[in-house]
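Only this structure's heavy atoms are used, side chains among them; waters, hydrogens and symmetry mates stay out. Naming convention: chains lettered A, B, ... in sequence-line order (proteins, then strands); numbering from 1 in each chain.
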2 protein chains.
Amino acid sequence: MDNEFIKQEMNVTGEGFLPGLAIDTVIFGFHDDELKVLLLSYKHTDLYALPGGFIHVDEDVNEAARRVLFSRTGLINIFLEQFYVFGDKSRHDATPLKTIMKARGFTPPEDHWLLKRFVSVGYYALVDFTKAIPTPDSISDSCDWFGLDNLPTLMQDHRQIIGKALQTLQANLDHKLIGFNLLSENFTMGDLQRLYETVLNKKLIRAAFQRKMLALGILERLAKKWTGGAHKAPYLYRFVARD
Amino acid sequence: MDNEFIKQEMNVTGEGFLPGLAIDTVIFGFHDDELKVLLLSYKHTDLYALPGGFIHVDEDVNEAARRVLFSRTGLINIFLEQFYVFGDKSRHDATPLKTIMKARGFTPPEDHWLLKRFVSVGYYALVDFTKAIPTPDSISDSCDWFGLDNLPTLMQDHRQIIGKALQTLQANLDHKLIGFNLLSENFTMGDLQRLYETVLNKKLIRAAFQRKMLALGILERLAKKWTGGAHKAPYLYRFVARD
DNA sequence: TATTATTGTATCATTTTGTTACAATAATAA
DNA sequence: TTATTATTGTAACAAAATGATACAATAATA
């Protein structure tokens, strides 16, 4: 029996947390021309789950989401936004947690706070894949990136949560200019276009894309990048906020 | 002392509701070329509040929002969407509710469930002003429409909630084509343009507006409408979903 | 019957977007 | 050293969308 675990993560009263309310975060990264999300593998089950957590009684909900994001990636000052509240009564499923608890030698009472219905606030984050340091939490074996069309079996409604997060990302990519958050600080126009094409899942016209991005006046052109490829070296760009 | 009130609305345990979670609904209507919201005036205080409520333990959060909307307006099948979760710890203020309770002869204990911190899921609804039947709830004196630039003093962060709802409406008006929900079934092009101008708070070019709306292919042209004005009678239109 | 206000739409100018083309490289092969 | 190749940056033109103006078609009123 893991006393530390039970004390910290599965205390009997749920004291110190807002009851019945949770956070689930879809953390997007971009690598190998693929959009990926960070997933935890739950101990003693074959299920995966989104990084999530609970809200301390003296903590803003948005703060809690930043804390979760930091705990799983080590990152601060990251694009992070609410996108939906998952509040259907049918989404509740205590089985995986019960399994984990029992495997740890703890048989929870039926009315244990963690086994009750939870409403979850969905957040999505856009991070630089190369900067994030995936870190499992105490009830997980691992924390890893998964390509969006290569997702493992997920807990509860976490697959739907990812789906809705992707929809939101697609809808906001352009007019909120949030795509840059998925790239490293310096990037080529090709990098940016491949990102857009991956997220929107459609081909874009190169000349028009470049013209449009440059016309936005939010890109600073830096030195050229010698790629080692048999062709002209592309410029590097950096995102700069307007005014 | 109002026993019914205390039993139904301010029961000591909060039994039957999800704890710490509430719903606030910004119900928009359009009348006299003005965008209006439905507000309740709280008994025994000079404060106004958004229509809101709590979520039954066996009820989806979205269901609860529809129930609130129906209770205050008598309307079903209405455009209603989540737009933000208001979860800052600082938004909590138990004073108005305490005042109401005391005025009713009920002195609540400090740990009464209604006086604790609440996280609120914000919804906005778009309704036909002429169809809604404003109906106060049991802790309110009245339920009335208020013009957006003529709002009374509101409880807690309800003013910010309205502000954020308006931003969401403005951002979604065009690409989600939700404006029609604010008009009655049949309307003239002028009605529609005035609605757009009011929501977006800017003048639109009449010819271009008409051309664009007609090009969308979502308007059915009906008989002309004799307005009694000294000019050509405008057509009436009806919104029809595509495909 | 003329006047007035508004509607519906045509017309042309301007801006934005789609498409094609081509010069400018940076590596590799001949 | 000199082609060859792949990709980049941008020009040039076409097509589509939007802005701006104009005007004929009413429906009431004078």
Could you state the NZ-P distance from A/K203 to C/dT17, rounded to the nearest angstrom? 20 Å
Electrostatic pair A/D24-A/R91, nearest N-O below 4.0 angstrom: yes
With a 4.0 Å cut-off on N to O distance, would you call A/K89 and B/E59 a salt bridge? no
Would you mind telling me which of C/dG8, D/dT8, D/dG19 lies closest to the side-chain atoms of B/K232? C/dG8
Any chance you could measure B/F180, atom CZ, to B/L192, atom CG, to the nearest 0.5 Å? 5.0 Å
Using Watson-Crick geometry (N1-N3 plus N6-O4 or O6-N4) or G-U wobble (N1-O2, O6-N3), each under 3.5 Å, C/dT19 is paired with D/dA12
Measuring from B/I27:CD1 to B/I78:CD1, what's the distance to the nearest 0.5 Å? 9.5 Å
Taking CG from A/L192 and P from D/dT8, how many angstroms apart are they, rounded to a whole number? 13 Å
May I ask which nucleotide in the shown strands pairs with D/dA20, Watson-Crick or G-U wobble, both distances under 3.5 Å? C/dT11
Pull out every protein N or O sitting under 3.5 Å from an N or O of nucleotides 10-13 of chain D, one pair per line with the distance.
residue	atom	partner	partner atom	Å
D/dT10	OP1	A/R221	NH1	3.4
D/dT10	OP2	A/R221	NH2	3.0

Paired to D/dA27 by Watson-Crick or G-U wobble criteria (both distances under 3.5 Å) is C/dT4
So do A/R221 and A/L214 actually touch side chain to side chain, heavy atoms under 4.5 Å? yes
Find the distance B/L236:CG to C/dT7:C1' and express it as a whole number of Å. 13 Å
Measure CZ/B/F209 against C1'/C/dT7 and give the value in whole Å, please. 14 Å
In Å, rounded to the nearest 0.5 Å, how long is the span from CZ of A/F54 to OG of A/S120? 9.0 Å
Interatomic distance, B/I205 CD1 vs D/dA22 P [rounded to whole Å]: 15 Å
Rounded to the nearest 0.5 Å, what separation is found between the CZ atom of A/F86 and the NZ atom of A/K164? 6.5 Å
To the nearest angstrom, how far is B/D174 atom CG from D/dA17 atom C1'? 14 Å
Between B/L219 (CG) and C/dG8 (C1'), how many Å, whole number? 14 Å
Is any side-chain N or O of B/K212 closer than 4.0 Å to OP1 or OP2 of D/dT18? yes
Taking NZ from A/K202 and P from C/dT17, how many angstroms apart are they, rounded to a whole number? 12 Å
